[in-house]
Amino acid sequence: MVKNKLKNLALSFLAITLLLNIFTPVNGYRTIVGGKTPVEDVEKDKAMQALGRFAVEEHNKNQENDGDTSNQIEFSQVVGAKKQIVSGIKYFLTIEGIENGKKKMFDSVVLIKPWSKSEDKELISFSPIQ
């Protein structure tokens, strides 16, 4: 009787451990796949700075297409970034820019699809930080 209870307990523990391993995939750096991970040294990372510049340029183009040319933003630098592996790589950027002569901070999300020939970039969102 006691042996059966211990055996059932051991099997239950094994089943729970197996399920946790299946539903919590972890890459080699101990981060959950699909989770956001910080990008280190974004101020020195030329690719991140170029991505921030792209986000500002796309935002300005979208404003122009909507007929609003009054609030054009001048790119200054990316000050923070996180990335998330989804159906591509989604970058969450904190961008410093100049709007109407004043420094302001903006949040932006850019999706890169590395499998496409031209490595498509898409501006998902761009908004001021309040």
Side-chain angles (χ1 to χ4, degrees):
M1 178 96 163
V2 173
K3 280 186 175 181
N4 283 341
K5 285 186 180 182
L6 286 175
K7 185 177 177 182
N8 287 339
L9 184 62
L11 287 173
S12 296
F13 178 74
L14 182 63
I16 290 170
T17 303
L18 182 62
L19 285 173
L20 285 175
N21 284 330
I22 290 171
F23 292 110
T24 311
V26 176
N27 69 18
Y29 299 106
R30 299 239 174 243
T31 58
I32 296 175
V33 174
K36 293 179 187 176
T37 57
V39 177
E40 301 296 326
D41 296 323
V42 291
E43 292 89 358
K44 297 176 186 175
D45 188 329
K46 290 180 182 180
M48 287 298 104
Q49 296 303 317
L51 201 57
R53 186 175 304 281
F54 165 82
V56 170
E57 289 171 356
E58 284 297 301
H59 170 74
N60 287 340
K61 281 184 203 173
N62 291 341
Q63 293 290 94
E64 287 174 11
N65 290 339
D66 292 340
D68 181 7
T69 58
S70 62
N71 291 330
Q72 296 290 297
I73 297 167
E74 181 183 331
F75 174 78
S76 180
Q77 68 175 336
V78 175
V79 296
K82 292 181 180 179
K83 67 180 179 178
Q84 179 181 33
I85 307 299
V86 289
S87 59
I89 304 171
K90 196 180 274 189
Y91 288 93
F92 299 84
L93 307 174
T94 303
I95 299 171
E96 179 183 275
I98 300 170
E99 183 180 42
N100 297 327
K102 296 180 183 176
K103 280 189 180 180
K104 290 188 176 183
M105 302 299 281
F106 301 89
D107 278 331
S108 180
V109 179
V110 177
L111 176 64
I112 296 181
K113 300 171 186 170
W115 61 84
S116 70
K117 290 181 182 178
S118 63
E119 199 171 281
D120 289 335
K121 292 183 269 189
E122 179 184 353
L123 179 65
I124 305 295
S125 67
F126 193 95
S127 60
I129 297 175
Q130 299 299 330

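Throughout, numbering of the chain's residues begins at 1 and tracks the sequence. As the structure is a prediction and not an experimental result, all values here were calculated from the model.
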For the side chain of Asp45 and the backbone of Met48, is there at least one donor-acceptor N/O pair under 3.5 Å apart?
yes
Do [X] and [Y] come close enough that some side-chain heavy atom pair is under 4.5 Å?
{"X": "Leu123", "Y": "Ser108", "result": "yes"}
{"X": "Asn62", "Y": "Phe126", "result": "no"}
{"X": "Leu93", "Y": "Val42", "result": "no"}
{"X": "Val78", "Y": "Val39", "result": "no"}

Does one hydrophobic cluster hold both [X] and [Y], with members joined at side-chain heavy-atom distances below 4.5 Å?
{"X": "Val86", "Y": "Val109", "result": "yes"}
{"X": "Leu51", "Y": "Ile89", "result": "yes"}
{"X": "Val110", "Y": "Ile85", "result": "yes"}

Could you tabulate the donor-acceptor pairs under 3.5 Å formed by side-chain atoms of residues 95-104, not counting sequence neighbours?
from   : atom 1 : to     : atom 2 : distance (Å)
Glu96  : OE2    : Ser76  : OG     : 2.8
Glu99  : OE1    : Lys104 : NZ     : 3.0
Asn100 : ND2    : Asn71  : OD1    : 3.3

Ring pair (Phe, Tyr, Trp, His ring centres under 6.0 Å) partners of Phe92, counting only residues at least two apart:
none
Salt bridge (charged side-chain N to carboxylate O under 4.0 Å, His left out) pairs touching residues 50-64, sequence neighbours excluded, are Glu58-Lys61
Heavy-atom closest pair, residues Val56 and Glu74
CG1-C, 4.5 Å
Residues which pass side chain to side chain donor-acceptor pair (under 3.5 Å) with Gln63, listed by chain and number, not counting sequence neighbours:
Asp68
Look up atom [atom1] in [X] and atom [atom2] in [Y], then write down how far apart they are to the nearest 0.5 Å.
{"X": "Gln49", "Y": "Glu43", "atom1": "CD", "atom2": "CD", "answer": "7.0 Å"}
{"X": "Ile124", "Y": "Lys90", "atom1": "CD1", "atom2": "NZ", "answer": "6.0 Å"}
{"X": "Thr37", "Y": "Gln84", "atom1": "OG1", "atom2": "CD", "answer": "9.0 Å"}

Those residues at least two apart in sequence (or on a different chain) that pass salt bridge (charged side-chain N to carboxylate O under 4.0 Å, His left out) with Glu122 are Lys113
Apply side chain to side chain contact (heavy atoms under 4.5 Å, CB included) to Pro128 and list each qualifying residue two or more places apart in sequence or on a separate chain.
Phe106, Gln130
